[in-house]
Amino acid sequence: MPEVETIARNLRKTIVGKRVAGIRLSGLPLRKPVGGTLAEKLQGRVIRKIHRRGKYLIAEMEPHAFWLIHLGMSGRLYFHPTEIQPSKHTHATIFFSDATRLEYRDPRRFGLLATYEVAKISQIPELRALGVEPLSPKLDREELARLLKKCRSEVKSFLLDQSKIAGLGNIYVCEALHWAGLHPSRRCFTLSREEAGRLVHAVRRTVKQAIRNRGTSFSDFRDSDGKPGDNQKFLRIFQKEGEKCRRCGSMILRMRQGNRSTFYCPCCQK
DNA sequence: GCATTACCCTGAAAGC
DNA sequence: TGCTTTCAGGGTAATG
């Protein structure tokens, strides 16, 4: 989500107010087939606003329509002031009437491009099921404690579940659990109100720091100007297997949970 | 109905 | 050197 927020902020400066003059598609499917309707729906419309909800970007178009974008894992959006050669993984190029263009690249093709003509953003099917935003004032200790109480799964899976809290990925979940001093395998319903409070604080701190650093770049992430983020320099636990925990000095371990790596400190995460 | 697992995909890294 | 295997992870359909 911090990576998506970084891109949203960039796009607000670069493409808002531009009219779509044409679209070129690779024809390859992403998470779902892209299809010719994307071109039909966007052609001639003007981008009025850029929204973010969870890990989704939403361009509000005029005449009224919404353009939904998800970057998956390896998706990137590049703004180009001048002409470019499409790469092997360019799946969409949006040409604006002022000769600038926006390129969507996605080697792994886990992303999504779609358009909707619903009345409100909240009616977009992909967004309907999303949970609370991590930085929303609605997510406080009481609300998180309430959500945790009725959940029997491990707290790591809970935090990754976009229908509970929308926007946390594997990196930030590992970091937040370390900040909160909570073991990733703890069952949600066993967390106390005090622990829920620590977790809310840790999630906010983790996400705010990552946004401030313009996202985390290992290999994939670049913003729409092609710049990597800086947050990888500030991570305390993610991909630190074998290193010493900065809080207690114990060896950081790695385990697999639900087919994803979890990094944790066995000493200070209880 | 909820929790868990498997799958999609390709590039990079590791292993041989 | 070059080929093969493994791993990475967001979302979701399938399974338990």
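Letters go in sequence order (proteins before strands), and every chain restarts at 1.
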Asks: Residues in side chain to side chain contact (heavy atoms under 4.5 Å, CB included) with A:Glu194, at least two apart?
Replies: A:Ser192, A:Arg198

Asks: Check ring pair (Phe, Tyr, Trp, His ring centres under 6.0 Å) between A:Phe66 and all other residues, then give those that pass, not counting sequence neighbours.
Replies: A:His64

Asks: How does protein reach along nucleotides 6-11 of chain B, written 5' to 3' as B (base within reach of a heavy atom under 4.0 Å), S (only sugar-phosphate), or - (no contact)?
Replies: B-BBBS

Asks: Using a 4.0 Å heavy-atom cut-off, does A:Arg254 contact any base of the nucleic acid, only the sugar-phosphate backbone, or nothing at all?
Replies: sugar-phosphate

Asks: Specify the separation, in whole Å, of atom CG of A:Leu160 and atom P of C:dG11.
Replies: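 The answer, rounded to whole Å, is 9 Å.
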
Asks: Is A:Arg256 close enough to C:dC7 that one of its side-chain N or O atoms is under 4.0 Å from OP1 or OP2 there?
Replies: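 Answer is no, no contact under 4.0 Å.
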
Asks: Given atom CG of A:Leu30 and atom C1' of C:dG11, what is their separation to the nearest angstrom?
Replies: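 Checked: the CG to C1' distance equals 13 Å.
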
Asks: If we fit an axis to the first five pairs and another to the last five of the helix from B:dC2-C:dG16 to B:dC16-C:dG2, what angle do they make, to the nearest 10°?
Replies: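 That helix has its two terminal axes inclined by roughly 50°.
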
Asks: How far apart are the closest heavy atoms of A:Arg128 and A:Ser122, and which atoms are they?
Replies: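 Distance-wise, the nearest heavy atoms are CG-O, 3.1 Å.
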
Asks: Classify the nucleic acid contact of A:Ser261 as base, sugar-phosphate or nothing, counting any heavy atom under 4.0 Å across all strands shown.
Replies: sugar-phosphate

Asks: Grab the NZ-P distance between A:Lys156 and B:dA3 for me, whole Å please.
Replies: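 So the NZ-P distance, A:Lys156 to B:dA3, works out to 17 Å.
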
Asks: Quick one: A:Arg187 CZ to B:dA3 P, roughly how many Å, whole number?
Replies: 9 Å

Asks: Step through the shown structure and confirm whether more than 12 heavy atoms of other residues, nucleotides or ligands are within 6.0 Å of CE on A:Met255.
Replies: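 Above 12, so yes.
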
Asks: Output the rounded distance in Å from CG (A:Leu57) to P (C:dG11).
Replies: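 Spelled out: CG on A:Leu57 to P on C:dG11 is 12 Å.
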
Asks: Taking atom P of C:dG16 as reference, at what distance in whole Å does atom CZ of A:Arg152 sit?
Replies: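 It works out to 21 Å between those atoms.
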
Asks: May I ask you to check whether over 12 heavy atoms, not counting those of A:Arg152, lie within 6.0 Å of atom CZ?
Replies: no

Asks: What is the distance from CZ of A:Arg186 to C1' of B:dA3, rounded to the nearest Å?
Replies: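 Spelled out: CZ on A:Arg186 to C1' on B:dA3 is 19 Å.
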
Asks: Give, for atom CD1 of A:Ile23 and atom CG of A:Leu102, the distance between the pair rounded to the nearest 0.5 Å.
Replies: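 Rounded to the nearest 0.5 Å, the CD1-CG separation comes to 10.0 Å.
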
Asks: Please enumerate all residues that pass side chain to side chain contact (heavy atoms under 4.5 Å, CB included) together with A:Pro29, with sequence neighbours excluded.
Replies: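 Partners of A:Pro29 by the side chain to side chain contact (heavy atoms under 4.5 Å, CB included) criterion, ordered by chain and then number, come out as A:Arg109.
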
Asks: Separation of A:Lys32 atom NZ from C:dA13 atom C1', in whole Å?
Replies: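 It works out to 12 Å between those atoms.
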
Asks: Which residues satisfy the side chain to side chain contact (heavy atoms under 4.5 Å, CB included) test with A:Ala92, sequence neighbours excluded?
Replies: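 A:Leu25, A:Ile94, A:Tyr104, A:Leu113.
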
Asks: Whether the A:Glu175 and A:Thr206 side chains hold a donor-acceptor pair (N or O, under 3.5 Å, no angle test) is what I'd like checked.
Replies: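 Side chains of A:Glu175 and A:Thr206: no pair found under 3.5 Å.
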
